[in-house]
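Whatever order the structure lists them in is the order used to number ligands and atoms, beginning at 1.
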Amino acid sequence: MRRNMLLLTVGMMACNVFGQTKPPASIGPVPSQRQMLWHPLEYYAFVHFNMNTFTNMEWGTGSESPDQFHPLQLDTRQWARIAKEAGMKGIILTAKHHDGFCLWPTATTAHSVKNSAWRNGEGDVLRDLSEACREYGLKFGVYLSPWDRNNQDYGSPAYVEVFHTQLREILNNYGDVFEVWFDGANGGSGYYGGANETRKIDSRTYYEWDKVTEIVREMQPDAVIFSDGGPDIRWVGNEDGMANETNWAVMRRAEIYPGWPRYVELRSGHPDGTHWLPAEADVSIRPGWYYHPAEDHQVKSLPALLDIYYGSVGRNASLLLNLPVDQRGLIHEKDAQQLMVLKAQLDRDFAVDLARDSEVTASQVRGNSREYTAANVNDGNPATFWAPEDTTVTASLTLTFPTALEMNRLLLQEYIPLGQRVQEFSIEVKATGHWKEIDRQTTIGNKRILRFDPVTTRQLRINILKAKGAPLLSNIGVFRAPNVLSEPAIRRSRQGLVSIEVPDKQLNIYYKVGEAADENSWQAYDACFRAEGPTVVRAMAVDPQGPDSTAVVKRYFDIFKKDWKVLKVSSGELEEGYKMLDDDPGTFWASHEGIGLPQEITIDLGKVERIRGFSYWPMQERWSYGIITEYELLGSNDNKNWQILSSGEFANIGNHPVEQFKSVTPVPVRFLTLKALKVHGEIARVSIGEFGILTTKD
Ligand code: FUL
């Protein structure tokens, strides 16, 4: 009887008669070889640089002239150097965007660099960039828009030939290409050789996608093809650079096509996916994909970029971060600087892997074999992995550190060559003799990184609670990422409540109110406070872990606007007018379409104030309009007799839409009318992000 039980146990374990352990079989779809080459790249650059850079557009119409493309200092080596220093692994360039202009001297159309005065028609941006990428050890990728608003034949089979030939040209002449990027935007209005009309195509069939794949496979067998639905890499379903927390690298691929309306599903994948189709998260470092001088003050902050990194690479996707090269042909200094700030923080986040010195034990090891031991997860070798028996779908791994350590990041990797399996897991730490759950999550995939508040513990346990089959983990990393120092944001509500915030709650905030220069007047901030009159609030964030603190941020507030009333808006509802008085430039009042200029808005300050000036925040939207360039400010004490207090222009505000200040000869007034005489751009609407008055001397 005992002998039988023993045989039974051995039979259930993954051992064969020679004592060797049978390797686990794959479950579900698995990555192809080219997908396996792509997975470790994780972070690479998108460069949107083309005709739109020079026309200040996001989508050119196709009617542009090749001469409009004229970078004066184009330096693709600068792009490559910056991408390399930023820790990126490659660059994907918009060889042709929807407006149809080709950055290489194509034989397929006259609409290319070869007919541009730039470098006397001898220039070739693809050649330059591919060489720069080789020099800097970066991969080179191409974006080729299927939609072409310039081509006269767009919509007919003749254009599809052109598209395929263009693809051949860019895959044939510039060395190795690691990724070919096809956009989902398709068909619509355009120039189309002068026809200026709307053309519709069936994005499933028109481009002959099978043929496209065949061309790529034939010419660049290792290149992955990106589109909404692959076939190799899928879009993540948004342009925010974020995957969902649950993110399967598998999808029911046959359902998806370019322009697929159920794109929201791309954020999480399909648990019952039929094909390996991992997500790539694309996002721009600024609001736009192309460079616009007006966005120079909107380069994403470090906390925002970290959220993107952890929301993409940390959620089983890759990160394609766009750098809008400017009209000089260079990555803008501000973008370059911010990339380095991100790189420095990521280097610090992952500087010391605390798991490496831990002892890892598992609730079970396949065949009790060394080959699948729990120690494979912290040996630094991605090719080895821990595995339990085939029939085991719940299991746990415990990391015991030499001493109690503080930690706030956990990095997990499944052994994906055999499929993505984990459906639910939790992490626990041992505190005063008891296990305490600190997080519970769903998928892992190629890489999952969890951020949590710092905990100090000697033991960390990962419980796999649900999986499609035996979970296979190849890597576990544990880190104590330093706090993220970022300047505090100081805000005041219309009711006069001042709040000061930083994204990293581990930082301490200090502030002082008023002009007191005394160093000792700094106070620790723990709750919002009242400041109704004109005052200055200064704040800084201090890292309790080290000597670092941010620069001091200063915000001036004039009298608060609680009792102000909007008396008249020349268009729309009165209520809407209060959006320009809420101390938030992100919300705005805008006049309606079709009413034209001038437009005005009248405010009652509630009592007579002696004003010395006023402030105007232009709209901060990505697609802004109605930014006032010429104005008049009128004042009155009775809402009947008005005098002009100030008139003039907000110079260069279209390109640099930040808060404007204008002073006036000091005068007591109760009613104010701001009149917009001219606006930036062609849309005859007026918008106001925030309006304020200045009553003190500064
Ligand atoms: C979108 C395009 O329409 C944008 O212009 C940009 O190229 C972005 C990456 O993809 O769908």
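Side-chain contact check for Tyr136 and Trp79: no donor-acceptor pair (N or O, by modelled atom type) lies under 3.5 Å. For the 3.5 Å distance criterion, the side chains of Glu214 and His164 fail to qualify, holding no donor opposite an acceptor. Residues His48 and Glu58 have side chains that never bring a donor and an acceptor to within less than 3.5 angstrom of each other. For the residue pair Asn186 and Tyr207, a side-chain donor N or O sits within less than 3.5 Å of a side-chain acceptor on the partner.
The shortest N or O to N or O distance between Glu58 and ligand 1 is not under 3.5 Å. Geometrically, ligand 1 and Trp59 share a nitrogen or oxygen pair separated by less than 3.5 Å. Of the polar atoms of Tyr143, at least one N or O is found under 3.5 Å from an N or O of ligand 1, judged by distance alone.
Taking all heavy atoms of Phe46, Trp289, Tyr290 into account, the minimum distance to atom 8 (C) of ligand 1 is reached by Trp289.
Among Tyr257, Trp235, Trp209, the one residue that satisfies the ring pair (Phe, Tyr, Trp, His ring centres under 6.0 Å) test with Phe182 is Trp209.
Near Asp183, the atoms of ligand 1 lying under 4.0 angstrom from a non-hydrogen atom of the residue are 1 (C), 2 (C), 3 (O), 7 (O), 8 (C), 10 (O), 11 (O). Applying the 4.0 Å criterion to heavy atoms of Glu239 picks out, from ligand 1, the atoms 1 (C), 8 (C), 10 (O), 11 (O). Which parts of ligand 1 touch His98 is read off a 4.0 Å heavy-atom cut-off, strictly below it: atoms 2 (C), 3 (O). Short contacts between ligand 1 and His48, defined as distances under 4.0 Å to a heavy atom of the residue, involve ligand atoms 6 (C), 7 (O), 9 (C).
In this structure, Arg328 is not positioned above the aromatic face of Tyr291 in the sense of NZ or CZ being under 6.0 Å from the six-membered ring centre and within 45° of the axis.
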